[in-house]
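Okay, so here's the structure we're looking at.
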Amino acid sequence: MPATVETANRYLHDRLALVAARVAAAVARRRAEDPDPTDRFRGLYISEAQVDGLLAGDPGALLPEPPDDATAGAALELEAWADEAERNGAVLRLRRLARAFELTPLDVELLLIVLAPDLEPRFERLYGYLHDDVSRRRASTGLALELCAGPKVAGHAVRPGIGFGAGRSRLDPGAPLVAGGLVLVEDPERPFLTRSLRVPDRVTAHLLGVDAPDPIVAALLTTAVPAAVGAVAPLERALAAGSRLVYIRERVGSAGLSLV
């Protein structure tokens, strides 16, 4: 199996197809619960029937149905294919990113849900429908957690409760997705569960195989010039011991000064 961009993109595309299956299940639930699914003004106002439903709502209604055997089997087959692709030298950027940032399977699922509208426009309208708000075309924190709720995602699951409990912590400021800059939690003036989520364009580009630097730092980059140096063993030991700042002093008469 060649290590090509097509191989990497196939993995990303097929992971998005699994997200689409979760979205389809959520749409089916909304339709089943909607007292007037044909209302052309749906999403622009809250009807009396919807208010009654909210007042009598059961948190358990947010749980998706367990994935059918075909979907579950497709997920297992995809991961087995990805394992084989990596053994044959393919670079699957989504998997490499997950390892580099120590993401859990639930983190990866959240990342894909947030990323989806930037890769396939249909997710914009579907998210607007699920939000019951045509202007909200990115996943909110609450919607992302709902789409991950119920069935386990490779051993991890979000359970309904107050703010979705432990699943919510995966979007805290110190959690890998947010602290690593992979997902931005926007609209701080909103309640947490209705805040919009976004994947920075640079992260999206990286996952698609584009390695151009971010314009913010592009002007600061320079080409490293090779230079003869003395013994590097002391520096290696310092870095291995966890030193974050090392001062390198040059000999008298030499040119240049480095601060690592």
Check your understanding: How far apart are the C-alpha atoms of Glu109 and Val19, what are their side-chain angles, what is the distance that settles it, and do they pass the side chain to side chain contact (heavy atoms under 4.5 Å, CB included) test?
Key -> CA-CA 8 Å; Glu109 193 76 6; Val19 171; 4.2 Å; yes
Review point. Does the pair Arg95 and Glu79 meet the rule for a salt bridge (charged side-chain N to carboxylate O under 4.0 Å, His left out), with working shown?
Key: CA-CA 10 Å; Arg95 281 187 156 203; Glu79 294 310 313; 2.7 Å; yes
Check your understanding: Would Phe101 and Asp107 count as a side chain to side chain contact (heavy atoms under 4.5 Å, CB included) if you check the C-alpha gap in whole Å, the side-chain angles of each, and the deciding distance to 0.1 Å?
Key -> CA-CA 10 Å; Phe101 285 84; Asp107 290 332; over 6 Å; no
Review point. Between Leu94 and Leu111, does a side chain to side chain contact (heavy atoms under 4.5 Å, CB included) hold up when you go through it step by step?
Key: CA-CA 10 Å; Leu94 179 60; Leu111 177 64; 4.1 Å; yes
Practice item. May I have the step-by-step check of side chain to side chain contact (heavy atoms under 4.5 Å, CB included) for Leu18 and Asp14, ending in yes or no? Key: CA-CA 7 Å; Leu18 296 176; Asp14 288 356; over 6 Å; no
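Applying the side chain to side chain donor-acceptor pair (under 3.5 Å) test to Asp172 and every residue at least two apart in sequence or in another chain returns nothing. Glu77 meets the side chain to side chain contact (heavy atoms under 4.5 Å, CB included) test with no other residue; sequence neighbours excluded. Not counting sequence neighbours, Ala100 has no partner by the side chain to side chain contact (heavy atoms under 4.5 Å, CB included) test. Considering only residues two or more places apart in sequence or on other chains, Arg195 meets the salt bridge (charged side-chain N to carboxylate O under 4.0 Å, His left out) condition with none of them. Ala21 pairs by the side chain to side chain contact (heavy atoms under 4.5 Å, CB included) definition with Thr71, not counting sequence neighbours.
Applying the 6.0 Å contact sphere to CG of Asp83 captures more than 12 heavy atoms from other residues, nucleotides or ligands.
Cluster membership for Leu184 and Leu103, using ILVMFWY side-chain heavy atoms within less than 4.5 angstrom, is not shared. Grouping the Ile, Leu, Val, Met, Phe, Trp and Tyr side chains by contacts below 4.5 angstrom, directly or via other members, places Leu130 with Leu193.
Under the 3.5 Å distance criterion, with hydrogens and angles disregarded, a donor-acceptor pair is assigned to the side chains of Ser196 and Arg136. Side-chain contact annotation: Asp201 with Thr204, donor-acceptor N/O pair under 3.5 Å absent. Counting only N and O atoms by type, the side chains of Tyr11 and Arg15 include a donor and acceptor under 3.5 Å apart.
In this structure, Val217 belongs to a hydrophobic cluster whose other members, linked by side-chain heavy atoms under 4.5 Å apart, are Ile216.
In terms of modelled atom types and a separation under 3.5 Å, the side chain of His13 and the main chain of Asn9 share no donor-acceptor contact. Side chain of Arg93 to backbone of His206: a donor-acceptor contact under 3.5 angstrom is found.
Side chains of Leu182 and Val199 form no contact here, defined as non-hydrogen atoms less than 4.5 Å apart. Contact check for Asp187 versus Thr194: no side-chain heavy atoms found under the 4.5 Å cut-off. Contact of the Tyr127 side chain with the Leu147 side chain is registered, since non-hydrogen atoms from C-beta on lie closer than 4.5 Å. In this structure the side chain of Arg29 reaches within 4.5 angstrom of the side chain of Glu146, judged on heavy atoms. Counting heavy atoms from C-beta outward, Leu171 and Leu197 have side chains that approach closer than 4.5 Å. Counting heavy atoms from C-beta outward, Leu119 and Leu12 have side chains that approach closer than 4.5 Å.
When each of Arg198, Arg138, Arg202 is checked for a salt bridge (Lys or Arg N to Asp or Glu O under 4.0 Å) with Asp118, only Arg138 meets the rule.
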